[in-house]
Structure formats: structure tokens, C-alpha cells
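Heads up: the structure comes next, in C-alpha cells.
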Amino acid sequence: MIFIELDELEYRINQLRKELIQTAEITGLNSRETIYCSRKLDQLITIYQKSSYKKIEICC
């Protein structure tokens, strides 16, 4: 299992979001590249949400 800090995860999400926008502008919304990038972003956001929820749950 890979552990990553939430700050690093936020940074990677923001970078991938920018990449997704650029890819969509160049290749179109329905291109394989855009869809692949979107799926990677979705995965990171899901990991972030689960990690954030666990941290909040432990703190309260």
C-alpha cells in the first residue's frame, strides 16, 4: 500500500486537473487521452475523499 500526505495528494489533483483541461482543449472532450486523464483524476479525488473522511472521523 502506498501512503501519501493529503497536501501532496491535493497538489497532484490540481496538476492533473490542469492537464485534463489542456488535453481536452487539444484533443477534444471525447478523446481517449481526455477520458484517460479524467479517470486518473477521479481516482485521485476518490482517494483524497476517503483519506479526508478517515482523518475527520478519527479527530472527532
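A quick note: this is a predicted structure, and the numbers were derived from the prediction, not measured. Values reported hereafter were calculated over all heavy atoms of this structure, with side chains retained and with hydrogens, waters and symmetry mates removed.
- Put simply, the side chain of L9 does not reach to within 4.5 Å of the side chain of E5, judged on heavy atoms.
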Only pairs under 3.5 Å count here: list side-chain donor-acceptor contacts from residues 34-44, not counting sequence neighbours, and write none if there are none.
residue, atom, partner, partner atom, Å
T34, OG1, T27, OG1, 3.1
T34, OG1, G28, O, 2.8
T34, OG1, S31, OG, 2.9

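- A heavy-atom distance below 4.5 Å is found between the side chains of N14 and R17.
- Interatomic distance, K50 NZ to I45 CD1, rounded to the nearest 0.5 Å: 13.5 Å.
- Taking CD1 from I21 and CD1 from I26, the interatomic distance works out to 12.0 Å, rounded to the nearest 0.5 Å.
- Looking at R12, E19, K18 one by one, the single match for side chain to side chain contact (heavy atoms under 4.5 Å, CB included) with Q15 turns out to be K18.
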